[in-house]
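Data block below; observations after.
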Amino acid sequence: MSVLIGNTPTRTFDDARRWVGEGTALLTSAIDDLDSSAFDGDSQLPGWTRKHLVGHVAANADALGNLISWAETGVEKRMYASTEQRNADIEAAATRPAEELRSWYLRGAAELDAAMDRLTPDQWEHEVITAQLVTRKASDVPWMRAREVFVHAVDLGVGITFADLPDDFLLALAGEIRTKRGLSDDDLLGVEGPLPEVAAWLAGRPHDLVDAPTLGPWL
């Protein structure tokens, strides 16, 4: 590889908060540039239109807001009622008017940002449970949102690529995906290319790497 992808964390809490802002700005700009008809176009995710994708990211802000509320109040509030409800909501979003989806996305992003600003250092240490039933500290929520907004800005299919994402974010992303996929140094032998292409490959997105093995979808 032409970049070093480790399997240890390469991010801080402050990094994640900064990336949420940068990623939200990138995705918001892309969504703002879509006219209503463009929402019905295909995203880069198989089977999803841009309406599916925008609805998903909007719902994700609400869901992560539930975890922030849990950390703030101490009252358990899960991300989604169930996986089935989450999937049904995404399909329902694909039938909603474009401007309604745009407004939902903007509201959710703003409310999540405001909620995160309210948390105290002690509240960020509270444990919450993700949609994958994994127990994590609330301080992981900004990283979870940063992944969503940056990667789905690429998935929107409007010309944004992994090369448009910050290098420090890509290193952290690639390191986490490598760990979650259980890829060893031997698995990465022969996979060579610039950081954005390696990160795209690890994330199961289109890439220009030669002879890289096919990986399944992620996120």
>> Testing the basics here: between Ala71 and His126, what is the closest heavy-atom pair and its distance to 0.1 Å?
In response: O-ND1, 2.8 Å
> Does a side-chain heavy-atom distance below 4.5 Å link Leu165 with Val154?
Replying inline: yes
> In Å and rounded to the nearest 0.5 Å, what is the CZ to CG distance from Arg181 to Leu202?
Replying inline: 7.0 Å
> What pairs with Asp122 under side-chain hydrogen bond (donor to acceptor under 3.5 Å, both in side chains), at least two apart in sequence or on another chain?
Replying inline: none
> For the residue pair Tyr80 and Asn60, what are the closest heavy atoms and their distance?
Replying inline: OH-CA, 3.7 Å
> Can you name the closest pair of heavy atoms from Arg96 and Lys51 and give their distance?
Replying inline: O-NZ, 2.9 Å
> Can you name the side-chain hydrogen bond (donor to acceptor under 3.5 Å, both in side chains) partners of Ser139, sequence neighbours left out?
Replying inline: none
>> Going by salt bridge (Lys or Arg N to Asp or Glu O under 4.0 Å), name the residues that satisfy it together with Asp208, two or more places apart in sequence or in a different chain.
In response: none
> Is any side-chain heavy atom of Val151 less than 4.5 Å from a side-chain heavy atom of Leu173?
Replying inline: yes
> Between CG of Leu195 and CG of Leu171, what distance do you get to the nearest 0.5 Å?
Replying inline: 5.0 Å
> Which residues pass the side-chain hydrogen bond (donor to acceptor under 3.5 Å, both in side chains) test with Arg147, sequence neighbours left out?
Replying inline: Glu176
>> Please determine whether residues Met79 and Leu133 belong to a single hydrophobic cluster, defined as Ile, Leu, Val, Met, Phe, Trp and Tyr linked transitively by side-chain heavy-atom distances below 4.5 Å.
In response: yes
> Yes or no on side-chain contact (heavy atoms from CB on, under 4.5 Å) for Thr49 and Asp40, after CA distance, side-chain angles and deciding distance?
Replying inline: CA-CA 6 Å; Thr49 65; Asp40 290 310; 5.7 Å; no
> For Glu91 and Asn87, does a side-chain donor sit closer than 3.5 Å to a side-chain acceptor?
Replying inline: no
>> For Glu22, give me all partners under salt bridge (Lys or Arg N to Asp or Glu O under 4.0 Å), at least two apart in sequence or on another chain.
In response: Arg18
> Closest approach of Asp187 and Val191, non-hydrogen atoms and distance?
Replying inline: O-CG2, 4.3 Å
>> Is there a continuous path of hydrophobic side-chain contacts, each under 4.5 Å between heavy atoms, that joins Leu112 to Trp124?
In response: yes
>> For the NZ atom on Lys180, are there more than 12 heavy atoms of other groups (residues, nucleotides or ligands in this structure) within a distance under 6.0 Å?
In response: yes
> Atom CD1 in Ile177, atom CH2 in Trp201: separation rounded to 0.5 Å?
Replying inline: 10.0 Å
> Do Glu197 side-chain atoms and Pro194 backbone N/O form a donor-acceptor pair below 3.5 Å?
Replying inline: no
Listed pairs under 3.5 Å, donor-acceptor, residues 209-219 side chains, sequence neighbours left out:
none

>> Are the side chains of Pro142 and Phe13 in contact, using a 4.5 Å heavy-atom criterion?
In response: yes
>> Any non-hydrogen side-chain atom of Leu64 less than 4.5 Å from a side-chain atom of Met144?
In response: yes
> Looking at CG of Leu67 and CZ of Arg145, how far apart are the two atoms once the value is rounded to the nearest 0.5 Å?
Replying inline: 12.0 Å
>> Could you work out, with ring-ring contact (aromatic ring centres under 6.0 Å, His included) as the rule, every residue matching His56, not counting sequence neighbours?
In response: Trp48, His152
> For residues Asp15 and Thr12, is any side-chain donor paired with an opposing acceptor at under 3.5 Å?
Replying inline: yes
>> Quick check for you: to the nearest 0.5 Å, what is the distance between Asp164 atom CG and Thr161 atom OG1?
In response: 4.0 Å
> Taking all non-hydrogen atoms of both residues, which atom of Ala200 and which atom of Pro206 are closest, and how far apart?
Replying inline: CB-O, 3.6 Å
>> Which residue in the set Leu26, Val54, Val57 passes side chain to side chain contact (heavy atoms under 4.5 Å, CB included) when paired with Leu156?
In response: Val54
> Does the pair Arg17 and Asp113 meet the rule for a side-chain contact (heavy atoms from CB on, under 4.5 Å), with working shown?
Replying inline: CA-CA 9 Å; Arg17 288 300 309 268; Asp113 188 60; 3.9 Å; yes
> Hey, are the side chains of Glu127 and Asp140 touching, using non-hydrogen atoms and a 4.5 Å cut-off?
Replying inline: no
>> Quick check on the hydrophobic clustering: are Val158 and Leu101 connected, directly or via other members, by side-chain heavy-atom contacts under 4.5 Å?
In response: yes
> Who are the side-chain contact (heavy atoms from CB on, under 4.5 Å) partners of Asp32, not counting sequence neighbours?
Replying inline: Thr28, Arg102
> Linking I/L/V/M/F/W/Y whenever any side-chain heavy atoms sit under 4.5 Å apart, do Leu27 and Leu170 land together?
Replying inline: yes
> Who are the side-chain hydrogen bond (donor to acceptor under 3.5 Å, both in side chains) partners of Ser36, not counting sequence neighbours?
Replying inline: Glu99
> So which pairs with a foot in residues 70-79 pass side-chain hydrogen bond (donor to acceptor under 3.5 Å, both in side chains), sequence neighbours left out?
Replying inline: Glu72-Arg118, Glu76-Arg78
> Where is the tightest heavy-atom contact between Phe150 and Trp19, given as atom of each residue plus distance?
Replying inline: CE1-O, 3.5 Å
> Is Ser29 reaching over with its side chain to a backbone N or O of Ala25, donor-acceptor style, under 3.5 angstrom?
Replying inline: no
> Who pairs with Arg205 by salt bridge (Lys or Arg N to Asp or Glu O under 4.0 Å), at least two apart in sequence or on another chain?
Replying inline: Asp155
>> As an exercise, state the distance from CD of Glu125 to CG of Leu119, rounded to the nearest 0.5 Å.
In response: 11.0 Å
> Hey, does the side chain of Arg50 reach the backbone of Ala38 with a donor-acceptor pair shorter than 3.5 angstrom?
Replying inline: yes
>> Tell me which pairs pass salt bridge (charged side-chain N to carboxylate O under 4.0 Å, His left out) where either residue lies in residues 53-63, with sequence neighbours left out.
In response: Asp62-Arg107
>> Test of understanding: clusters of I, L, V, M, F, W, Y form through side-chain heavy atoms closer than 4.5 Å, transitively. Do Leu34 and Trp104 belong to the same one?
In response: yes
